[in-house]
Amino acid sequence: MNSKGWKALRKIDHEVYLLKHVSSLLGWDQETYMPSRGIEERAEQISLLETLIHEKITSTATKEALEHAKEELEIENEPSENGLFNPLTPIQRVAFLREWNRKLDRASRIPKSLVSRISYATSVGQAKWAQARKEASFELFKPYLQEILILTRELAAALGYKDTPYDPLLDEYEPGMTCEILSPLFQQLQKNLAPMLEEIITTSNPEDPCLHLPFPKEAQEDFGKRILQAIGFPWDRARLDVSVHPFTSTLGKDDVRITTRYNPTYFPTAIFGIIHEAGHGLYDLGFGEEIRGTILAEGVSLGIHESQSRFWENFIGRHRAFWTYWFPILRKDYLPALEQVPFDTFLKSINRVCPSLIRVEADEVTYPLHILLRYNLEKALIEDTLSLSDLPAAWNDGMEELLGIRPSHDGEGVLQDIHWSMGSFGYFPTYALGTLYAAQFFSSLLKQHPHVLREVERGEYGTVVLWLREHVHVHGKVFSAEELCRKISGSPLDSKYFLQYVREKYLSIPK
Ligand code: MG
């Protein structure tokens with residue numbers, strides 16, 4: 001039986017996979033070790049590589065290979081290409097074609113000229129945004145954002161949609177998600193979280209100085225690495241480095257780089273950053289043997305990817321059980337000043353809930369509300385029901401309504417995030433989805449392994465890691481986010497798990 005198309009597509013797929021990792025390596029180096037003046041040629045290098053990847057994806061050879069592979073799908077077992085690729089299972093083969101179909105479909109809908117206009121507008125836009133944020137002047141950024149917005153609407157129209165132009169943008173980051181599903185989910189979250197938040201704040205204790213202690217960078221790094229070691233972060237397949245904004249970059253099937261940043265007088269920045277990125281890293285290192293090196297070896301969606309980092313950072317990393325083990329070590333080996341601090345005071349400090357203006361510094365309870373604000377505003381901007389002139393005021397009113405606080409200037413308001421200047425409309429919701437997925441998965445883990453937190457109290461994470469690998473990591477993109485969520489928890493994504501978690505953690509403990 002002929003399998004020419006299938007063989008050709010597997011080869012193209014693997015080459016695209018390799019090229020993308022080369023591009024990631026250039027990007028990782030840019031954010032970590034590249035000298036500042038290297039940027040000009042680096043931008044050119046990355047842009048050239050991305051063009052080559054795009055050409056490969058949209059080439060006639062790829063289109064033909066995909067068409068043939070579709071015909072060959074039903075008729076035979078996958079031939080092994082001299083041991084070069086692991087044969088995929090029938091379910092994986094279907095997913096493989098689905099993903100290639102999606103990739104080609106999206107790529108062929110977007111005109112080349114639009115891609116380069118967006119690329120130019122966002123590259124100028126990012127520079128203008130940085131300046132505008134510094135000067136806290138939205139007016140400075142407004143004409144550039146207007147241009148980006150017009151192009152983004154054009155992009156949405158090119159991709160096509162049924163209900164709202166926001167849907168195809170959202171779908172880029174969270175495949176399968178639509179406003180029809182998302183809006184009620186977020187409304188439910190807001191309706192229930194707001195009254196809880198009020199109660200949590202009134203019973204919350206003031207900030208304790210115990211987190212603001214001198215803690216040299218090297219010692220923080222050592223502590224962070226001990227935690228990574230304990231959760232089984234594989235040092236022969238991963239690295240930890242420093243960058244301005246923490247991130248995870250995958251450079252190969254056995255090469256994941258995570259970064260963090262160090263504040264020498266406030267260690268939670270680095271430590272929770274490390275635990276967060278490790279969650280992303282473990283996901284990328286955990287894809288199943290057959291799908292490694294293919295289009296399926298990726299997170300299902302940004303929401304699911306973020307669920308892995310939030311799971312470790314918040315649900316495990318801020319849990320009493322976690323610090324039952326690590327607090328004595330922190331005190332003994334790193335911060336003797338903590339000898340005077342009761343464990344409960346420390347625990348409340350790392351779990352302090354307090355509305356704040358800046359999203360990236362928000363606690364786990366108020367964080368999703370920052371996202372709801374952005375979702376409402378960017379959806380209205382894309383749908384053209386909110387004008388840019390009214391955006392700063394709408395932002396400030398929204399902050400007041402959702403969090404009860406009001407920015408004093410646009411630098412700490414509407415200008416704080418880089419995303420819109422990058423044209424990344426539809427990205428923000430994935431942060432909140434990550435939290436909701438994580439809560440739902442955490443609840444399933446506790447149901448299936450009721451004693452798992454006792455292991456965590458002993459500094460052991462084998463059950464947690466294996467459970468995540470088996471239920472989330474190995475599958476890569478084989479199942480959709482919705483299918484994965486149902487498989488794990490028996491139901492579609494629901495904000496009730498997160499709300500329940502917040503209630504139990506913050507409102508049922510005696511103060
Ligand atoms: Mg993240």
Side-chain angles (χ1 to χ4, degrees), residues 3-30 38-73 81 84-85 88 93 95-126 148 151-152 154-160 168-169 171-173 175 249-253 255 291-299 302 422-424 426-427 476-477:
S3 58
K4 245 177 78 195
W6 189 261
K7 270 189 197 165
L9 189 60
R10 290 280 326 240
K11 186 163 176 284
I12 292 164
D13 174 68
H14 192 61
E15 285 171 359
V16 169
Y17 174 89
L18 294 176
L19 285 169
K20 279 174 74 175
H21 284 162
V22 176
S23 177
S24 298
L25 172 57
L26 295 176
W28 172 83
D29 177 69
Q30 178 182 321
I39 185 64
E40 218 170 290
E41 189 183 314
R42 181 58 49 88
E44 233 185 294
Q45 294 164 352
I46 292 176
S47 164
L48 171 63
L49 204 48
E50 290 301 323
T51 309
L52 293 175
I53 294 172
H54 183 80
E55 280 171 8
K56 199 170 199 36
I57 290 170
T58 51
S59 70
T60 317
T62 305
K63 284 175 194 157
E64 283 176 6
L66 178 60
E67 284 319 307
H68 288 134
K70 280 181 193 166
E71 288 159 18
E72 293 157 16
L73 179 67
E81 181 71 4
L84 199 58
F85 310 120
L88 300 176
R93 293 179 72 186
F96 181 88
L97 291 186
R98 180 197 69 216
E99 287 307 315
W100 264 103
N101 216 36
R102 174 181 156 85
K103 199 187 260 297
L104 253 174
D105 181 55
R106 284 185 77 92
S108 57
R109 281 171 190 265
I110 309 168
K112 238 181 173 178
S113 62
L114 182 58
V115 175
S116 62
R117 278 156 69 216
I118 289 176
S119 159
Y120 181 78
T122 53
S123 132
V124 177
Q126 279 175 65
I148 292 168
L151 293 171
T152 306
E154 231 177 276
L155 174 69
L159 288 167
L169 304 174
D171 188 80
E172 168 72 17
Y173 308 106
S249 189
T250 294
L251 310 183
K253 61 184 173 17
D255 186 353
I291 62 168
R292 272 157 51 108
T294 76
I295 195 172
L296 298 174
E298 249 182 57
L302 289 192
M422 296 167 71
S424 300
Y427 191 114
K477 276 177 117 76

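Just so it is clear, the model here is predicted, and its values are computed rather than measured. Count residues from 1 along the sequence.
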Flag side-chain contact, heavy atom, 4.5 Å: N101 against K70:
yes
Evaluate the ring planes of Y17 and H21, with Trp represented by its six-membered ring, and classify them as parallel (under 30°), tilted (30 to 60°) or perpendicular (over 60°).
perpendicular
Could you check whether any side-chain heavy atom of D13 comes within less than 4.5 Å of a side-chain heavy atom of F96, counting everything from C-beta outward?
yes
Using a 4.5 Å cut-off on heavy atoms from C-beta on, say whether the side chain of S249 contacts that of L251.
yes
Between atom NE2 of H68 and atom CD of E64, what is the distance when rounded to the nearest 0.5 Å?
6.5 Å
Indicate the atoms forming the closest heavy-atom contact of T294 with I291, along with that distance.
OG1-O, 2.7 Å
Is a donor on one side and an acceptor on the other found under 3.5 Å between the side chain of E72 and the backbone of W6?
yes
CD1 of I12 to OG1 of T62: how many Å apart, nearest 0.5 Å?
4.0 Å
For a quick test of reading the model, state the closest non-hydrogen atom pair linking L88 to R10 and the distance between them.
CG-NH1, 3.5 Å
Heavy-atom closest pair, residues G423 and I148
CA-CG2, 3.8 Å
Taking C-beta and beyond as the side chain, do V115 and L155 meet within less than 4.5 Å on heavy atoms?
no
How many angstroms lie between atom CG of L9 and atom CZ of R93, to the nearest 0.5 angstrom?
11.0 Å
So CD of E44 and CD of E40: to nearest 0.5 Å the spacing works out to 8.0 Å
Separation between CD of Q45 and CD of Q30, rounded to the nearest 0.5 Å
9.5 Å
Given side chains that start at C-beta, do those of D255 and T250 come closer than 4.5 Å, heavy atoms only?
no
Which value, rounded to the nearest 0.5 Å, describes the distance between H54 atom NE2 and I57 atom CD1?
7.5 Å
Does any part of the side chain of R42, heavy atoms only, come nearer than 4.5 Å to the side chain of D29, both counted from C-beta?
yes
Which heavy atom in R292 sits nearest to a heavy atom in A297, and how many Å separate them?
CA-CB, 4.1 Å
So do V16 and W100 actually touch side chain to side chain, heavy atoms under 4.5 Å?
yes
Does a side-chain N-to-carboxylate-O contact under 4.0 Å join K20 and E15?
no
How far apart are the closest heavy atoms of K477 and R98, and which atoms are they?
O-NH2, 2.6 Å
Sequence neighbours excluded - side-chain hydrogen bond (donor to acceptor under 3.5 Å, both in side chains) pairs with any residue from residues 108-120
D105-R109, R117-E154
Side chains of L159 and E172: does their closest heavy-atom pair fall under 4.5 Å?
no
Taking only residues two or more places apart in sequence or in another chain, which ones pass salt bridge (charged side-chain N to carboxylate O under 4.0 Å, His left out) with D171?
R102, R106
